[in-house]
Amino acid sequence: MGNLNRLVAGYAAPTLVNGQRRMLGFQRPAQTKPGVTAVLSPASYGSFGDEGMILGSRDSIIASSGTPQLYTPGPVEPWTAMGVAGIRSIDRVIALGRMHMDARKLRLLTRAERVVVLGADSIDGAYGIRSISQRVSLLNVSVAQGRRAELANFSFRRNPSPDALTSLRRLDRRVRLTARDKNSQRRAAEALQRDVGVHPDVAAYMKPGKSPAIDALQSWVAGRDRPVAVLVPNAHLAAFNGTGYKEVARRFQSYMIALLDAGFAVVVLPHDVRDEPGDIAMSEQLVGGTSAEDVMLAVPRHAQEAKGMLALADVVVTARMHAGVAALSQGVPCVGLDYVDKFSGQFHWYGADDAVVAWEDNPDAHLVAELGVKAAMTIRGATAKPDFVSTPPPWLL
């Protein structure tokens, strides 16, 4: 049934969007407010990465004296529970069949003069064709109503799905595209035969938080007589190439031990606090499995608190890309454990590509620790903050 649904959607979605594009020629310009930008999250609330992209966009729009409007597919409750105020659901403008947007309802939903869809790693077919078709339709409707429209901050794999390509090729040529790394820029430009810009991931612009939990961690770090490494696990890797939970936990335990042997105190920090895929449980398992005094568990409540905690490290070793972005954008050296070919593109912006290793190569724990030592010896701040962190992304201006 799942394959049948995908087959139907893969044919129907781009056909429906193509027909809608013809009808959009009859659209009248929408009444818009100057300086208002609507930003759509790449998915319903997920890891801190989704939160970082939304808040980085919000903070950038405010920094450029604009007015942000934040939207999400799905319910708003998970976002508001994490302290993201004012976010609204886009679901109310999804039309019958859930493969395109209702132009009339969009006109009533927002008067934004610019509509930005954050693509992340969802536009090349990884998460289903309906969501891609909805976003293509949203962007096409937006430009037909006289708004500026952007598909931005996306990765593009080596082998995107044919269904995704069919839908993306229905994008109106007036929609601007901006990838978040140069590899994705090149692949998207070749696949879609159109101009594609490039800019670092917008989560870099999210401001770090301040909280008692950060203060407590700072006190613990100050009490160490050795440098501090923050280790960020990723239980989601259990499903990557059939690795399995036990093997993932074993590898992170070996990284933790190797970092301790290399002279670091270690903070284990989950960068995804949902029950699934289970980063908190894995982090607790790692810390509970050692009697070392220089090991601590730090569980942030939200992305801004996580960024404030990561700022305290001498080096971060992460299997979550956005934890790496949060660290590097503050000048904290970082080692990346890449599993979907998107780490190196972001680390490149900070001159840190040499500190990325492929998870699928099962890197030796001592190699990971050696990279951590090398990174920690970097002069603090030398690999970031680059100029771009102080200037809002051009696709939001």
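Here the structure is a predicted model, which is why all the values come from computation and not from measurement. Note that these values count all heavy atoms, side chains included, but never hydrogens, waters or copies made by symmetry.
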Can you sort out the partners of T110 under side chain to side chain donor-acceptor pair (under 3.5 Å), two or more places apart, ordered by chain and number? Q69

If we count only N and O atoms by modelled type, under 3.5 Å, do the side chains of H348 and D181 hold a donor and an acceptor together? no

Taking only residues two or more places apart in sequence or in another chain, which ones pass side chain to side chain contact (heavy atoms under 4.5 Å, CB included) with E190? R186

Return yes if a side-chain donor-acceptor contact under 3.5 Å exists between K307 and S329, otherwise no. yes

I'd like a table of donor-acceptor pairs (distance under 3.5 Å, sequence neighbours excluded) in which one partner is a side-chain atom from residues 218-230, with atom names and distances.
| from | atom 1 | to | atom 2 | distance (Å) |
| --- | --- | --- | --- | --- |
| S219 | OG | D215 | O | 3.2 |
| R224 | NE | W220 | O | 3.0 |
| R224 | NH1 | D294 | OD1 | 2.9 |
| R226 | NE | D294 | OD2 | 3.3 |

Side chain to side chain contact (heavy atoms under 4.5 Å, CB included) partners for R187, two or more places apart: F156, R158, N183, D341

Which residues satisfy the side chain to side chain contact (heavy atoms under 4.5 Å, CB included) test with A213, sequence neighbours excluded? S211, E305, M309

Using a 3.5 Å cut-off and no angle test, enumerate the donor-acceptor pairs between side-chain atoms of residues 275-284 and protein atoms at least two apart in sequence or in another chain.
| from | atom 1 | to | atom 2 | distance (Å) |
| --- | --- | --- | --- | --- |
| D279 | OD1 | A235 | N | 2.8 |
| D279 | OD2 | R320 | NE | 3.2 |
| D279 | OD2 | R320 | NH2 | 3.1 |
| S283 | OG | D279 | O | 2.8 |

Are L118 and V340 co-members of a hydrophobic cluster defined by side-chain heavy atoms under 4.5 Å apart? yes

What one should report as the nearest heavy-atom pair of R173 and R194 is NH1-CB, 2.8 Å

Check side chain to side chain contact (heavy atoms under 4.5 Å, CB included) between V196 and all other residues, then give those that pass, not counting sequence neighbours. F154, L177, A179, Q185, A188, A189

Side chain to side chain donor-acceptor pair (under 3.5 Å) against N362, all qualifying residues, sequence neighbours excluded: R251

Pairs flagged by ring pair (Phe, Tyr, Trp, His ring centres under 6.0 Å) wherever residues 255-285 is involved - sequence neighbours left out: F48-H271, F252-Y255

Between L259 and M377, is there a shared hydrophobic cluster once you connect ILVMFWY residues whose side-chain heavy atoms come closer than 4.5 Å? yes

Quick one: list whatever passes side chain to side chain donor-acceptor pair (under 3.5 Å) with T72, sequence neighbours left out. W79

Quick one: list whatever passes salt bridge (Lys or Arg N to Asp or Glu O under 4.0 Å) with R174, sequence neighbours left out. D172

Shared hydrophobic cluster for L165 and I123 (ILVMFWY, side-chain gaps under 4.5 Å): yes

Could you check whether the rings of Y350 and F388 sit parallel, tilted or perpendicular, using 30° and 60° as the cut-offs? perpendicular

Sub-3.5 Å donor-acceptor pair from the side chain of R170 to the main-chain atoms of T166, do we have one? yes

With sequence neighbours left out, which residue pairs that include part of residues 84-98 fulfil the side chain to side chain donor-acceptor pair (under 3.5 Å) condition? Y71-R88

